[in-house]
Amino acid sequence: MKTLSIAVALSVLLSGCGDKATVPVSHDTPTDSTVSGVIEAASVYDMTLNGTTYPTQDAEANYEGQDYNVTSVKKGMAATLQLANDKVTDISLDPAFAGLAVLNPENELLMNGTQIRITDPQVFTLDYRYGGGSLGWVMVFAHLDDQDHWVVTNVSPVDAMPNAEMEGKVSHLTRDHFQLDGAKVAYSASMVAGDKPLAEGMYVQAFGQFINDQLSANRIDIK
């Protein structure tokens, strides 16, 4: 009986040692996240956003589902970066305006029924046309200041898109029209994304066709 007890105890001890030896080893798993803001610097290899620099060698860029050359992503563009282990995998551009543009002799960009004052020619990543001229299709990256004036941070070319885009604060709202910075937008309630109805002063993005001095919207995003 004593011999049997010793044998059982030894068996339990060896079994416990075996369990410790087979503890699974943990492995690092990829972590995904997103970050949004205005690009502060960009090169072939990386870009800086909100004070942090991220590698971009394997990244792809797009605007509204259309591919955009990563090397053409520049300082001053608003973007959302998709990250995997702190490396950029996807760059989604977020301009305030997109469409056909003309620069007039007063340094105002005319597009989608809106006049946008350009105070710094350095915001252009295409040939700056001193004295004015047609710029073709462009994206304009800008934000409103405390006086509701547009501050432009980048103007870049883009291939012609199915829809023009503009954004701003809703004013003069009716059941089928409103204005964004003086430009008239025709819409229906079914075109508004989300559960909230439009309201005066609401900041929105409107997409559609610019025809006869107004934007005929086919999608409105509330921001």
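The figures here come from the full heavy-atom set of this structure, side chains too, leaving out hydrogens, waters and symmetry mates. This structure is a prediction, so every number in the text was calculated from the model and none was measured.
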For [X] against [Y], the heavy-atom pair lying closest together:
| X | Y | value |
| --- | --- | --- |
| L93 | Y68 | CD1-CD2, 3.6 Å |
| H172 | Q179 | ND1-OE1, 3.6 Å |
| D46 | P55 | CB-CA, 4.1 Å |
| A164 | N112 | CB-OD1, 3.8 Å |
| T174 | Y187 | O-OH, 2.8 Å |
| E167 | W150 | O-CZ2, 3.2 Å |

Exercise. Which residue, T153, V152, V38, forms the side chain to side chain contact (heavy atoms under 4.5 Å, CB included) with H143?
Worked result: T153
Exercise. Pick one: which of L83, V88, T80 meets side chain to side chain contact (heavy atoms under 4.5 Å, CB included) with V35?
Worked result: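 The passing option is L83.
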Is it possible for you to say whether [X] and [Y] belong to one hydrophobic cluster, with membership spreading through side-chain heavy-atom contacts below 4.5 Å?
| X | Y | result |
| --- | --- | --- |
| V204 | L144 | yes |
| F141 | I118 | no |
| M139 | W137 | yes |
| M111 | V185 | yes |
| V102 | V140 | no |

[X], [atom1]: over 12 other non-hydrogen atoms inside 6.0 angstrom:
| X | atom1 | result |
| --- | --- | --- |
| N212 | CG | no |
| D213 | CG | no |
| N50 | CG | yes |

For this session: Evaluate the criterion side-chain contact (heavy atoms from CB on, under 4.5 Å) for residue pair M202 and L173; output intermediate values, then yes/no.
Result: CA-CA 10 Å; M202 185 176 280; L173 178 65; over 6 Å; no
Could you tell me whether the side chain of [X] and the main chain of [Y] form a donor-acceptor pair under 3.5 Å?
| X | Y | value |
| --- | --- | --- |
| E60 | V70 | no |
| N85 | K87 | no |
| T48 | I39 | no |
| N107 | T119 | no |
| Q205 | A96 | no |
| T56 | Y45 | yes |
| Q209 | P162 | yes |
| D58 | T89 | no |

Exercise. When rounded to the nearest 0.5 angstrom, what distance separates CZ in R175 from CG in L198?
Worked result: 13.0 Å
Exercise. Nearest 0.5 Å, what's the CG-CG distance between L49 and L81?
Worked result: 5.0 Å
For this session: Evaluate the side-chain proximity of M47 to M77: yes if any heavy-atom separation is below 4.5 Å, no if none is.
Result: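 Contact flag for M77/M47 side chains = no.
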Exercise. Would you say D94 and K223 make side-chain contact, with heavy atoms under 4.5 Å?
Worked result: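 Yes. Closest side-chain heavy atoms under 4.5 Å.
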Problem set entry | T71 side chain to N69 side chain, donor-acceptor N/O pair below 3.5 angstrom |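 Yes.
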Exercise. Any chance the side chains of T125 and S156 put a donor and an acceptor closer than 3.5 Å?
Worked result: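 Distance-only check passes for T125 and S156.
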For this session: Give the C-alpha distance, both sets of side-chain angles, the deciding distance and a yes or no for side-chain contact (heavy atoms from CB on, under 4.5 Å) between Y63 and M161.
Result: CA-CA 10 Å; Y63 165 60; M161 301 286 292; 3.7 Å; yes
Exercise. Given N218 and F207, is the side-chain contact (heavy atoms from CB on, under 4.5 Å) satisfied, shown in steps?
Worked result: CA-CA 6 Å; N218 53 42; F207 300 83; 4.1 Å; yes
